[in-house]
Amino acid sequence: MLGVAAAVLCGFATTASANDPAYPKGPVTLVVPFAPGGSTDVIGRLLAERLAVALKQPVVVENRSGAGGNIGAAVVAKAAPDGQTLLFGTTGILSINEFLYSNPGYRADRDLLPVIYTASISNVLIVNKDLPVSNVADLIKLARANPGKYSFASSGSGSSTHLSGELFKNMAGVDLMHVPYKGSGQALVDLVGGQINMIFDNAPSAVPLAQSGKVKALAVTSTTPLSVLPGVPPLGEAGLKGYESLSWTGVVAPAGTPQPVVDRLNRELNAILADEGVRKKLTELGAQATGGTAQDFTAHIETERAKWGKLVRDAKIATQ
């Protein structure tokens, strides 16, 4: 965790391909495909800082936002497959965008190689504090009695915050108006101000608002409660059995990256994610460290792709 021993480095050198006898060969770029300050950026920077120590090379975070993460993802998909340029991928980029964009600029299953699943992030259903509801059952009853009257915001069409809302609509049988924003920052301002009624926002930004009393937290979208929001139940236990909608992050590399490089990155990041300090920080953000093999991450992406692809089709969400 605090460095790689010389013996380990030598061992890696002997197992690496002839074209890549020593990795990394210089600073590594981690592309975060969203603006600074969001949950993806915060978690990406936390891991990049630790990975730089493990690799004994700088790991530079480069924010390349736009088009639901497609701009940053396309940059990495076209990068040299040498492990020097990596992507901090998300649910949308790796499992959803192919169903929402006619030309995203990359194919996740063809152009990007999974390295490791880093963290799962619950969304939180938060509502304006003046909305006359105190739990999920109240909200469903209110929405059913007033179809189309109430709105839910998202950080953008096709984002996990959008699809969490669509899944809620589908399972609860309610009609809510979707209001997409360019990121959740302004959406949260409008939620507090009463311009919109609710949002299924990522825990790192939703939790502080709920804790301050500026909004009401009705439920979390994970299957287990969050320790930072005691008393707030999972939606699956609050009237929508089987509901689960997680944001998640993971590191991917350009397709064709040598296996020894992928193995090295997976090994170092697993060690980082096992560190108690890192796990504690992620918990405070409303996230949970995951880890595992590259194959585990590939299987997770495929499962999520099937789930969200079906929802996009069933909800008739227009392709952009």
Side-chain angles (χ1 to χ4, degrees), residues 67-68 91-92 95-97 99-102 122-203 205-207 209-210 213-222 229 232-247 304 307-320:
T91 319
S95 292
I96 300 174
N97 286 3
F99 304 108
L100 295 172
Y101 293 87
S102 58
S122 178
N123 290 335
V124 184
L125 170 54
I126 52 177
V127 303
N128 178 268
K129 62 183 179 62
D130 295 324
L131 196 68
V133 299
S134 57
N135 53 48
V136 173
D138 287 347
L139 178 61
I140 292 174
K141 182 178 179 181
L142 182 68
R144 285 178 178 170
N146 300 274
K149 177 180 179 180
Y150 294 100
S151 59
F152 80 96
S154 77
S155 57
S157 183
S159 65
S160 70
T161 59
H162 173 203
L163 294 191
S164 291
E166 293 292 347
L167 185 61
F168 176 81
K169 286 171 56 180
N170 184 285
M171 294 182 68
V174 296
D175 179 13
L176 300 171
M177 180 174 63
H178 174 224
V179 183
Y181 285 75
K182 294 180 179 180
S184 63
Q186 187 58 48
L188 294 173
V189 171
D190 287 353
L191 175 66
V192 172
Q195 284 75 37
I196 56 172
N197 304 117
M198 69 197 82
I199 187 173
F200 292 78
D201 196 42
N202 293 165
S205 47
V207 167
L209 285 178
K214 293 180 180 179
V215 298
K216 292 187 286 191
L218 301 188
V220 297
T221 64
S222 55
L229 287 176
V232 178
L235 268 164
E237 297 176 7
L240 293 182
K241 186 176 181 180
Y243 185 104
E244 181 183 24
S245 176
L246 297 175
S247 299
E304 289 283 280
K307 172 182 178 177
W308 295 118
K310 181 178 185 303
L311 179 66
V312 169
R313 291 189 295 270
D314 290 348
K316 295 181 172 59
I317 300 173
T319 301
Q320 300 181 48

Checking side-chain polar atoms at under 3.5 Å, does S245 have a donor or acceptor matched by the opposite partner on S164?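 There is such a pair between these side chains.
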T161 and S155 side chains, donor-acceptor separation under 3.5 Å: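 Short answer, yes.
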Could you tell me the separation between the [atom1] atom of [X] and the [atom2] atom of [Y], rounded to the nearest 0.5 Å?
| X | Y | atom1 | atom2 | answer |
| --- | --- | --- | --- | --- |
| Y243 | N170 | OH | CG | 10.0 Å |
| L218 | L235 | CG | CG | 8.5 Å |
| E166 | I317 | CD | CD1 | 4.5 Å |
| Q320 | S102 | CD | OG | 9.0 Å |

Check the pair K129 / V215 against side-chain contact (heavy atoms from CB on, under 4.5 Å), numbers first and verdict last. CA-CA 5 Å; K129 62 183 179 62; V215 298; 5.7 Å; no
Closest heavy-atom pair and its distance - [X], [Y]:
| X | Y | result |
| --- | --- | --- |
| A206 | V124 | CB-CB, 3.9 Å |
| Y181 | A153 | CE1-CB, 3.7 Å |
| A219 | V136 | CB-CG2, 3.7 Å |
| L142 | N146 | O-ND2, 2.9 Å |
| A143 | L176 | CB-CD2, 4.0 Å |
| S154 | H178 | OG-NE2, 2.7 Å |

Could you point out which residue of L188, N123, T221 forms a side chain to side chain contact (heavy atoms under 4.5 Å, CB included) with D201?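 Going through L188, N123, T221 one by one, the side chain to side chain contact (heavy atoms under 4.5 Å, CB included) with D201 is satisfied by L188 alone.
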Pick one: which of V179, D190, L191 meets side chain to side chain contact (heavy atoms under 4.5 Å, CB included) with S151?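 Testing S151 for a side chain to side chain contact (heavy atoms under 4.5 Å, CB included) against V179, D190, L191 leaves exactly one candidate, V179.
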Could you walk me through whether L131 and Y150 satisfy the side-chain contact (heavy atoms from CB on, under 4.5 Å) test, starting with their C-alpha distance in whole Å, then the side-chain angles of each, then the deciding distance to 0.1 Å, before giving a yes or no? CA-CA 10 Å; L131 196 68; Y150 294 100; 3.7 Å; yes
Look at the aromatic rings of F200 and F152 and report parallel, tilted or perpendicular, splitting at 30° and 60°.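 Perpendicular.
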So L139 and M198, side-chain contact (heavy atoms from CB on, under 4.5 Å) or not? Walk me through it. CA-CA 10 Å; L139 178 61; M198 69 197 82; 3.7 Å; yes
Within the 4.5 Å heavy-atom criterion, are V312 and L163 side-chain neighbours or not?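 In contact.
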Can you find a heavy atom in the side chain of T91 that is under 4.5 Å from one in the side chain of L246?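 SC-SC contact between T91 and L246 ruled out.
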Indicate yes or no for a side-chain donor-acceptor contact from [X] to the backbone of [Y] under 3.5 Å, with no hydrogens or angles considered.
| X | Y | answer |
| --- | --- | --- |
| K216 | V133 | yes |
| S159 | H162 | yes |
| N128 | N197 | no |

